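Notes follow once the structure below has been shown.
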Amino acid sequence: MEFRSVGFRIGERAILNNLNLTIEAGETLALLGRSGSGKTTALRLVNGMVLPSSGDVLVNGKPIREWDRVRLRRSIGYVIQEGGLFPHFTVERNIGLTPMLEGWTPDRIRNRVDELLERVSLPPADFAHRMPRQLSGGQRQRVGVARALAADPEILLFDEPFGALDPVTRLDLQREFLRLRAELRKTSVFVTHDVSEAMKLASRIALLDRGDLAFIGAPEEFRASKHPEARAFLDVLNAQ
Amino acid sequence: MLSDVLRDLLDEGIGLLGEHLLLVVSAILIAAAIAIPLGIAVTSHPKTRALALGTANIGQTIPSLALFGFLIPIPFIGGIGQHTAIIALVIYALLPILRNTVTGILGVDPSVRDSAEAMGMTRGQALRMVELPLAAPTILAGLRIATVTTVGTATIAAAIGAGGLGVFIFRGIASVDKLQILAGALPAALLALAADAGLGWLERRLARW
């Protein structure tokens with residue numbers, strides 16, 4: 001995945017300026033920044049939910065503009081806050097959606113759903129037939145992750161996945177995230193404004209400051225960064 | 001003596017009730033066939049949406065008796081009889097259905113809409129599998145409002161020779177006969193209540209998630 005001099009603006013307002021970034025296969029990149037730093041926009045550029053105003057975003061070497069957008073999105077898992085589950089579908093139908101769109105047989109979908117529910121520590125017998133409203137916030141988030149993994153995508157995108165959770169559940173899911181990361185080795189990008197979360201979960205951190213890339217590197221390097229925005233985030237970390 | 005009068009009313013009433021139902025059901029089906037697709041089509045275009053809702057709004061501000069009168073001299077669609085009445089009723093029923101279709105689709109949680117797109121649903125799949133099912137209770141609420149008001153408005157259709165329960169009411173008014181007025185008004189009110197209850201039940205069933 002690669003961002004080549006990517007700019008994005010809405011009317012006159014610049015959201016991202018000349019962003020250059022390469023994301024290696026198998027790594028977990030955190031897009032860190034304050035609200036309005038452009039981090040969610042950067043994430044949404046990867047699966048073509050928004051298109052760059054200038055420059056190019058490449059996935060598997062091919063610019064987003066040349067991808068069939070539907071195909072692209074089905075090969076990228078996407079998890080948002082609270083899971084973004086379809087409230088009128090059971091857990092099973094939510095998770096099996098992309099495989100269903102891809103024309104898998106019902107048996108194959110059912111097996112895959114069970115396997116994924118096990119993977120995110122929700123016993124299928126208990127959870128497959130529940131509706132999203134019958135789940136806690138943490139459980140919804142787990143289902144959201146299972147759904148994103150359903151069609152075995154190479155890339156996973158997370159938009160503030162743990163933002164709306166209580167601290168205990170949050171820690172629980174962060175541990176789960178690390179376990180899945182080690183097991184699956186997918187290329188993952190996640191957006192967060194929580195610096196400790198970025199330090200804990202990411203192999204590299206990209207810090208965005210008002211649309212500019214202020215820093216990119218491993219968490220240890222981030223600690224040593226002299227950039228004022230990086231210092232501001234490190235102050236938060238030290239104050240905890 | 002009184003029972004003879006009642007039997008006559010009942011005999012005639014069943015026929016008129018049938019006509020009334022026919023007026024209401026055809027008007028609602030036609031209005032739904034126009035307003036629901038139109039509502040879906042204009043949802044994503046704010047300008048056409050405002051135009052469509054504005055036009056439907058104007059349709060509804062015309063006093064019903066006047067609308068029936070206006071339609072009579074218009075060639076092809078006008079004249080005396082049921083089809084003119086149905087056209088007028090359709091014009092009235094459009095707004096609630098159109099407005100609720102638009103409200104229902106726009107009311108779908110943006111994060112759910114986002115998910116549908118991000119998971120690689122085509123526009124048609126997102127509409128069919130996510131937006132319409134989630135908007136269905138609201139759309140049905142619009143159909144319910146339209147049906148209940150149409151049951152009432154359809155009584156005026158008798159003024160242009162379209163039959164229905166309004167025949168009793170107009171005749172009762174002309175002959176100062178309370179029994180005749182009641183024979184038209186009471187079944188119309190009960191019909192409206194029944195439609196309200198039936199569609200309300202369906203609405204709650206659809207919203208069970």
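Values below: every heavy atom of this structure, side chains too, minus hydrogens, waters and symmetry copies. Since the structure is predicted, the reported quantities are computational estimates derived from the model, not experimental observations. In what follows, chains are A, B, ... by sequence order, proteins preceding strands, each numbered from 1.
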Chain A contact via B/Ala116 - which portion, at a heavy-atom distance below 4.5 Å: both
B/Met121 side, atom CE; A/Thr98 side, atom OG1 - distance, nearest 0.5 Å: 7.5 Å
CE-CZ distance between B/Met119 and A/Arg73, expressed to the nearest 0.5 angstrom: 12.5 Å
Partner chain B: residue of A/Pro87, A/Ser75, A/Gly77 with the largest heavy-atom pair count (under 4.5 Å): A/Pro87
Residue part contacting chain A, namely of B/Asp109, when any heavy atom lies under 4.5 Å: neither
Engaged part of A/Asn94 at the chain B interface, taking heavy atoms whose separation is under 4.5 Å: backbone
Crowding at CD, A/Glu154 (>12 non-hydrogen neighbours, <6.0 Å): no
Minimum heavy-atom distance between A/Gly84 and B/Ser111, given as atom pair plus value: CA-OG, 4.3 Å
Exceeds 12 heavy-atom contacts within 6.0 angstrom, atom CZ of A/Arg210: no
Engaged part of A/Leu85 at the chain B interface, taking heavy atoms whose separation is under 4.5 Å: backbone
Choice from A/Thr90, A/Leu101, A/Asn47 maximising heavy atom contacts with chain B below 4.5 Å: A/Leu101
Contacting region of A/Arg44 [heavy-atom separation from chain B under 4.5 Å]: side chain
Heavy atoms from other residues, nucleotides or ligands near CZ of A/Arg34 exceed 12 (cutoff 6.0 Å): no
Residues, nucleotides or ligands: over 12 heavy atoms within 6.0 Å of A/Arg65 CZ: yes
Test item: A/His88 side-chain N/O and B/Met129 main-chain N/O as donor-acceptor pair under 3.5 Å: yes
Heavy-atom side-chain contact between B/Gln125 and A/Leu97 under 4.5 Å: no
Pairwise side-chain contact, A/Phe86 with B/Leu134, heavy-atom cut-off 4.5 Å (strictly under): no
Option that, when pairs with chain B are counted at under 4.5 Å, heavy atom only, ranks first among A/Met49, A/Arg133, A/Arg71: A/Met49
